[in-house]
Number of protein chains: 2
Amino acid sequence: MAELAEPGRPPLRRDAELNRRRLMVAAREVFRDRGLAATLDDVARHAGLGVGTAYRHFANKEELVDAVFEDMIDQVEASAREAAADPDPWHGLAYSLEKVCELQAHDRGLREVMLGTGKAAQRHALVARRIKPLVDPLIARAKEQGSLRPDVEQLDLPMIQLMVAAVTDQTGEPDLWRRYLRLLLDGMRTQPDGAPPLPAGPALRWRGGLGGGPGENPVGEEPPRSSR
Amino acid sequence: MAELAEPGRPPLRRDAELNRRRLMVAAREVFRDRGLAATLDDVARHAGLGVGTAYRHFANKEELVDAVFEDMIDQVEASAREAAADPDPWHGLAYSLEKVCELQAHDRGLREVMLGTGKAAQRHALVARRIKPLVDPLIARAKEQGSLRPDVEQLDLPMIQLMVAAVTDQTGEPDLWRRYLRLLLDGMRTQPDGAPPLPAGPALRWRGGLGGGPGENPVGEEPPRSSR
DNA sequence: ATGAAACGGAGATTGCATCTCCGTTTAGGT
DNA sequence: ACCTAAACGGAGATGCAATCTCCGTTTCAT
């Protein structure tokens, strides 16, 4: 919404402000296509600027990623909000998942941020905390409605995103994910009588971070697992 | 099965032969726990040997991975063979998937080899070609039986493995995958009337390699993904 | 016009993994 | 026992790729 000068930061010279924006746009594109592993050099060149400039605006890559990521979350949240308003909870749930997965499918950077491929796992907690309150009631309603099998939990959703993202990541096929999301959704529907319950669900917190419980994961990096 | 001296290779001095074996064992363990990214130095140290020794036995890491991987495939094939003999095709199919996923869950290296996280995508084709003939009839039988939804295809199976592996990879939870495999299996069952068909399936060949069509993927290296 | 701000990009720095080299140790034949 | 070829070990050479710095040059704004 706010397309004006950002708050807080002291005003920049006009060219600086412009370049900052160029960098953000370039970063968005580069991260989308090549993932967070892209170099700041890459981003800068894509923006038609020098690396030095990039480093004056953002202390390091993390900072740039954060800046870019801010915007992306808004999109995710928007579709979740839309879904939450759906009178048919099953439809809303399915729609919500489909939208997130669609965003992910187009955006490798987003996948990596959401799934924690890159570091900084606490970003997920952020997402989770904004999305959870929107989706939770949807789940409850869908169970009442009898469409969603009762042993599905809130924490299953990020896992489903994860799985779907893996499909896109591996195959590079831009639409194949739809097939497997459907498979999962069909599995999430209330099953015929006599179907055994789902095996144990996700623990409250997990290494990756996406499914935000209350506590923060102290996860810093990868599991060290020393060799010896 | 063959636990005797390998064929072909000229006989090694006893200590050399022993060390070669030690290296393989160590590699198996290290790759299992830390994935293919592990260093040859790591493997050598784990085997209680020097790097130099490792490099005398294996020209490079790839070669070692191949040697180790050979064995792993046998296990995969064994369970597929067992499943193929199951009189109940649905049960066999489910069992087959469960077994592969279980192996993967315990073995990060195996996940990476099967999913092509590491390079050398043609290894998958190898797996696929050994597994496919076992599983194909199972699928056909399960469809006849009416338990498997008719729009599931052979190429869906590796994708399911992929998704399940992603769960383990991301969460580190050793058993969580069971839940999502179940979800997928339930989605693969014949659906109630009126359910829409699955969206488009996997193309004949895909970047990752696992689902072996006839042609080899000309993929040489990994896509511009570098990380870590 | 002029000084402060911003730029650009070569290259210093860092970090890590692969692989080599050669002095030392060991197996195993005589 | 002795001897030699084979095998070992591991420090370090090599290569590579990414991050970030430095400073001479350009641009803005007054």
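Basis for what follows: all heavy atoms, side chains included, without hydrogens, waters or symmetry-related copies. Letters A, B, ... mirror the listed sequences (proteins, then strands); counts begin at 1. Everything quoted here is computed from the prediction, not taken from an experiment.
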**Student:** Output every pair passing salt bridge (charged side-chain N to carboxylate O under 4.0 Å, His left out) with a member in residues 37-54 of chain A, not counting sequence neighbours, ordered by first then second residue.
**Tutor:** Arg34(A)-Asp42(A)
**Student:** Listing time: all N or O pairs from protein to nucleotides 9-12 of chain D that are below 3.5 Å?
**Tutor:**
from, atom 1, to, atom 2, distance (Å)
dG9(D), OP2, Gly50(B), N, 3.1
dG9(D), OP2, Thr53(B), OG1, 2.8
dG10(D), N7, Gly52(B), N, 3.1

**Student:** With sequence neighbours excluded, tell me which residues meet side chain to side chain donor-acceptor pair (under 3.5 Å) with Arg28(B).
**Tutor:** Asp71(B)
**Student:** Quick one: list whatever passes side chain to side chain donor-acceptor pair (under 3.5 Å) with Asn60(B), sequence neighbours left out.
**Tutor:** none
**Student:** Per the salt bridge (charged side-chain N to carboxylate O under 4.0 Å, His left out) rule, what does the pair list look like for residues 154-165 of chain A, sequence neighbours excluded?
**Tutor:**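 Pairs touching residues 154-165 of chain A that pass the test: Asp156(A)-Arg179(B).
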**Student:** Rounding to a whole Å, what distance do you find between Leu36(B):CG and dA17(C):P?
**Tutor:** 14 Å
**Student:** The criterion is side chain to side chain donor-acceptor pair (under 3.5 Å); which residues satisfy it with Arg182(A), sequence neighbours excluded?
**Tutor:**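 For Arg182(A), no residue satisfies side chain to side chain donor-acceptor pair (under 3.5 Å) once neighbours in sequence are set aside.
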**Student:** Check salt bridge (Lys or Arg N to Asp or Glu O under 4.0 Å) between Asp107(A) and all other residues, then give those that pass, not counting sequence neighbours.
**Tutor:** none
**Student:** Tyr55(B) has an atom OH; how far is it from atom P of dC19(C), in whole Å?
**Tutor:** 4 Å
**Student:** Round to a whole Å and report the spacing from CG of Leu40(A) to P of dT19(D).
**Tutor:** 6 Å
**Student:** If you restrict it to nitrogen or oxygen atoms, what contacts under 3.5 Å exist between nucleotides 13-16 of chain C and the protein, and what is each distance?
**Tutor:**
none

**Student:** Sequence neighbours left out, what pairs pass salt bridge (charged side-chain N to carboxylate O under 4.0 Å, His left out) with at least one residue falling in residues 72-83 of chain A?
**Tutor:**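 Applying salt bridge (charged side-chain N to carboxylate O under 4.0 Å, His left out) to every pair that reaches into residues 72-83 of chain A, excluding sequence neighbours, yields Asp74(A)-Arg130(A), Glu77(A)-Arg81(A), Glu77(A)-Arg130(A).
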**Student:** Under the side chain to side chain donor-acceptor pair (under 3.5 Å) test, which residues partner Glu102(B), sequence neighbours left out?
**Tutor:** Lys99(B), Arg178(B)
**Student:** For a quick check, with a 4.0 angstrom heavy-atom cut-off, what is the B/S/- contact string for nucleotides 25-30 of chain D, read 5' to 3'?
**Tutor:** --BSS-
**Student:** With sequence neighbours excluded, tell me which residues meet side-chain contact (heavy atoms from CB on, under 4.5 Å) with Tyr55(A).
**Tutor:**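 Here the qualifying residues are Leu40(A), Val51(A).
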**Student:** If we only count heavy atoms from C-beta on, is the Thr171(A) to Trp177(A) side-chain gap below 4.5 Å?
**Tutor:** no
